[in-house]
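In the text below, chain A, chain B and the rest are named by the order of the sequence lines, each starting its count at 1. Because the structure is predicted, anything quoted here is derived from the model rather than measured.
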2 protein chains.
Amino acid sequence: MKKITLKDIADHFGVSISTVSKAINDSHEISRDVKLKIRQYAKAHHYRPNRIALSLLKKSTNTIGVIVPNILNYFFTQVFYGIEKTANSRGYTVISCVSDESFIKEQQTMKLLSAGTVDGIIMSLAEQTQAKGDLQHILDVMENQIPMVMFDRVTDKVECDKIVVDDFEAGYKTTKYLLQTGCKKIAIVSSIFNSSVGKLRVEGYREALQEMGLDYDDKMVVKVGGADDLEILISLLLDSIAVDAIIALDEMTAVDTLNILKMKGIDVPDQISIVGFTNGRLSKYVSPALTMVSQHGKYIGELAANILMDRLAYEGDMPFTTKLVKTSLIERDSTRKVDKNHRAYQ
Amino acid sequence: MKKITLKDIADHFGVSISTVSKAINDSHEISRDVKLKIRQYAKAHHYRPNRIALSLLKKSTNTIGVIVPNILNYFFTQVFYGIEKTANSRGYTVISCVSDESFIKEQQTMKLLSAGTVDGIIMSLAEQTQAKGDLQHILDVMENQIPMVMFDRVTDKVECDKIVVDDFEAGYKTTKYLLQTGCKKIAIVSSIFNSSVGKLRVEGYREALQEMGLDYDDKMVVKVGGADDLEILISLLLDSIAVDAIIALDEMTAVDTLNILKMKGIDVPDQISIVGFTNGRLSKYVSPALTMVSQHGKYIGELAANILMDRLAYEGDMPFTTKLVKTSLIERDSTRKVDKNHRAYQ
DNA sequence: ATGAAAGCGCTAACAA
DNA sequence: TTGTTAGCGCTTTCAT
């Protein structure tokens with residue numbers, strides 16, 4: 001059985017296409033019996049109005065496009081999950097694309113999506129794009145009047161709705177927490193030093209140190225690139241400075257760091273505390289279970305989808321908003337307990 | 001700037017729409033200079049042909065729909081990643097949907113996708129659908145001439161291309177391996193006893209036992225539902241039988257089981273070996289690192305996408321195929337080393 | 001070399 | 001109550 005259209009039904013009953021259309025849309029203009037037999041026939045033959053034709057006519061696709069940098073990253077998976085669920089519940093379909101942290105792929109994808117395929121876009125910038133700073137492809141989309149929500153990795157150069165994790169506060173809060181547990185020499189291991197997110201966390205860290213009258217030392221911020229050997233970098237760090245805490249800016253690095261320290265016979269958290277970013281699936285299963293910063297990925301996804309769909313539904317203009325989502329520190333066993341006396345001074 | 005169409009360009013130059021269309025598509029019918037100025041103008045104004053209009057005309061959307069039961073499950077994330085990458089490289093867009101293991105949601109999603117939105121579908125059945133056994137919605141899609149590839153959780157009731165993990169062999173191989181390491185009392189902990197996948201693994205397990213002349217005991221197969229407390233179920237198991245190996249049918253359960261055994265002061269692997277299914281991100285980070293069965297998710301995704309797109313590109317009919325993808329056992333530290341003498345007998 | 005017209009599947013204003 | 005027509009944006013014959 002081929003796909004059935006209004007025309008097929010019209011021909012079958014010898015009526016006009018518009019009669020069939022009206023009958024199926026339960027118009028009052030159509031007589032009881034005609035309506036009945038047409039609807040019955042349509043149901044029997046699994047008639048479904050062609051969404052493409054509808055989209056062309058209505059100039060709206062009921063579809064939103066999502067571009068995430070890396071779907072294998074649990075944070076983005078969670079965001080995507082939140083988006084999909086929310087969009088779905090409001091009758092939208094989701095086209096999902098992965099930029100794979102590549103500028104070119106992001107650019108191509110934006111072009112594709114802005115060619116009438118989606119009503120709006122939710123995205124987080126690829127690392128390469130952030131490093132490069134070329135955002136023309138995104139500005140083009142905005143000029144095309146396609147509403148967009150950016151989350152997590154955003155940029156000031158584009159005016160649109162944004163949802164950002166309060167990464168500055170997260171860096172600040174985490175550092176403060178470690179200081180409260182009595183740590184003094186806090187290092188950072190970052191695999192995302194090119195992204196806004198990574199930079200903000202480091203700034204928050206810096207602020208917390210400064211507030212306590214501690215010096216910021218560039219050597220304490222270890223940058224790990226794809227090809228680098230984390231073990232060597234950490235060894236170098238530990239050899240030159242008596243570190244007593246490490247903040248890892250992503251989950252994998254946190255776990256890797258933990259394992260490296262364990263291999264070196266260093267006790268966690270007695271000798272060195274570890275806090276990791278992005279509370280995913282790994283952290284609670286390693287031992288000691290890692291204290292982590294949760295970014296509430298699913299919530300961010302829901303929020304992004306709702307903001308976008310609200311804008312799509314709203315006639316007239318809405319000002320752009322930027323929502324700041326706070327992180328939560330999930331205390332587990334890779335950090336010492338907070339020193340009560342010390343805390344009293346805060 | 002609003003979205004620009006062929007008509008806008010035609011009006012601007014006082015030519016016909018078809019001239020513009022031809023110019024943009026670099027037709028030889030159009031004169032050098034007209035072509036040049038039109039193309040230039042189009043580029044300057046970011047003209048992009050409307051994909052929806054194209055789809056309607058060509059009766060093909062260059063889009064494939066993917067339905068996975070649970071995107072938070074790393075296996076499915078991997079498959080999705082493979083699909084997205086492959087589809088993209090061949091010029092296809094991916095609409096991704098999550099059934100959330102729900103029959104209703106799967107049904108709705110199928111309807112949506114089959115309304116002309118996609119050229120083909122890749123899917124894995126929701127657990128509820130497998131339990132219920134009602135596949136009408138899927139048969140409808142096939143009747144609508146929409147090519148489909150099912151992977152992992154498939155069904156005999158639908159004729160289409162399929163990719164299945166050789167779960168029988170995986171269960172068999174895993175059991176055999178444990179026997180070779182000297183284990184005799186092997187239990188299974190399953191959270192997916194309703195799915196074809198779960199059943200096949202248990203059958204493979206059974207076969208391996210039988211081959212060695214060992215009895216299959218129903219009590220050795222522990223079924224964990226969502227509300228059940230794994231710890232209690234494992235305690236009950238261990239109290240009644242002197243188990244020396246446990247096969248966990250998903251990664252989370254494997255890790256949970258490991259932690260429960262450790263808490264009970266049971267040594268892994270000396271007292272009890274553990275093998276888990278689906279090699280994800282957790283397994284290698286826990287200690288002892290878990291021996292796991294890898295299902296090659298990304299590869300399955302690539303394969304599914306290629307099979308589907310090959311079929312879409314092919315004129316004339318192709319017979320349906322079912323590919324059986326073998327699993328790999330990744331030996332780590334939660335199992336004993338294979339007993340060489342024992343192996344000699346195999 | 002350029003344009004007119006038909007048509008993909010559908011809805012909606014307007015006629016009958 | 002039913003039908004005719006136009007049009008969403010595009011390509012593709014078939015004139016001109």
A.B. asks: Rounded to whole Å, please give me the gap between CZ in B:R48 and P in D:dT11.
C.D. replies: 12 Å
A.B. asks: Give a yes or no on whether the backbone of B:S27 and the side-chain of B:K35 come within a donor-acceptor separation of less than 3.5 Å.
C.D. replies: yes
A.B. asks: Distance check: side-chain N/O of A:S16 vs OP1/OP2 of D:dT2, anything under 4.0 Å?
C.D. replies: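 Checking D:dT2 against A:S16, no side-chain N or O comes under 4.0 Å of OP1 or OP2.
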A.B. asks: With DNA chain C as reference, determine whether A:N50 or B:K35 sits nearer its 5' end, using the nearest nucleotide of each.
C.D. replies: B:K35
A.B. asks: What is the separation between atom NZ on A:K59 and atom P on D:dG7, rounded to the nearest whole Å?
C.D. replies: 13 Å
A.B. asks: Which of these passes salt bridge (charged side-chain N to carboxylate O under 4.0 Å, His left out) with A:R153: A:E127, A:E101, A:E106?
C.D. replies: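 Testing A:R153 for a salt bridge (charged side-chain N to carboxylate O under 4.0 Å, His left out) against A:E127, A:E101, A:E106 leaves exactly one candidate, A:E101.
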A.B. asks: Report the distance from atom CG of A:L36 to atom P of D:dT1, rounded to the nearest whole Å.
C.D. replies: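 Roughly 14 Å, once rounded to whole Å.
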A.B. asks: Any salt bridge between B:R90 and B:D310, counting N to O under 4.0 Å?
C.D. replies: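 Looking at B:D310 together with B:R90, the answer is yes, because their closest N to O distance falls below 4.0 Å.
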A.B. asks: Nearest-Å distance, CZ (A:R51) to C1' (D:dC8)?
C.D. replies: 17 Å
A.B. asks: A:L56 CG to D:dT11 C1': how many Å, rounded?
C.D. replies: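 It is 13 Å, rounded to the nearest whole Å.
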A.B. asks: Rounded to the Å, how far apart are A:I38 CD1 and D:dT1 P?
C.D. replies: 13 Å
A.B. asks: Toward the 5' end of DNA chain C, which comes first, B:R32 or B:A53, by nearest nucleotide?
C.D. replies: B:R32
A.B. asks: What does B:L57 touch in the nucleic acid at a heavy-atom separation under 4.0 angstrom: a base, only the sugar-phosphate, or nothing?
C.D. replies: base
A.B. asks: Cation-pi check for A:F103 against A:K132: NZ or CZ below 6.0 Å from the six-membered ring centre and within 45 degrees of the axis, yes or no?
C.D. replies: yes
A.B. asks: Determine the contact category for A:Y47: base if any of its heavy atoms lies under 4.0 Å from a base atom, sugar-phosphate if only primed atoms, P, OP1 or OP2 are that close, otherwise nothing.
C.D. replies: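 Counting heavy atoms under 4.0 Å across all strands, the contact made by A:Y47 is with sugar-phosphate only.
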A.B. asks: Within the structure, does a side-chain N or O atom of B:S21 lie under 4.0 Å from either OP1 or OP2 of D:dT11?
C.D. replies: yes
A.B. asks: Test your reading of the model: is there a side-chain donor-acceptor pair from A:D161 to the backbone of A:T321, 3.5 Å cut-off?
C.D. replies: yes
A.B. asks: Applying a 4.0 Å non-hydrogen cut-off, can you work out what B:S18 is touching in the nucleic acid: base, sugar-phosphate, or nothing?
C.D. replies: base
A.B. asks: Measure CG/B:N25 against P/D:dG9 and give the value in whole Å, please.
C.D. replies: 17 Å
A.B. asks: Please determine if B:E84 and A:K105 form a salt bridge, counting it only when a charged side-chain N lies under 4.0 Å from a carboxylate O.
C.D. replies: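 Salt bridge between B:E84 and A:K105, a charged N being under 4.0 Å from a carboxylate O: yes.
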A.B. asks: Just checking B:T5: base, sugar-phosphate only, or nothing, at a heavy-atom cut-off of under 4.0 Å?
C.D. replies: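 Contact class for B:T5: sugar-phosphate only.
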A.B. asks: Where does the angle between the aromatic ring planes of B:H12 and B:Y41 fall among parallel (under 30°), tilted (30 to 60°) and perpendicular (over 60°)?
C.D. replies: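 Answer is parallel, since the angle falls under 30°.
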A.B. asks: For DNA chain C, which nucleotides open and close the run of contacts to chain A, 5' to 3', at under 4.0 angstrom from a non-hydrogen atom?
C.D. replies: C:dG9 to C:dA13
A.B. asks: Give the rounded distance in Å between these two atoms: CG of A:L6 and P of D:dG3.
C.D. replies: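 Going from A:L6 (CG) to D:dG3 (P), I get 13 Å.
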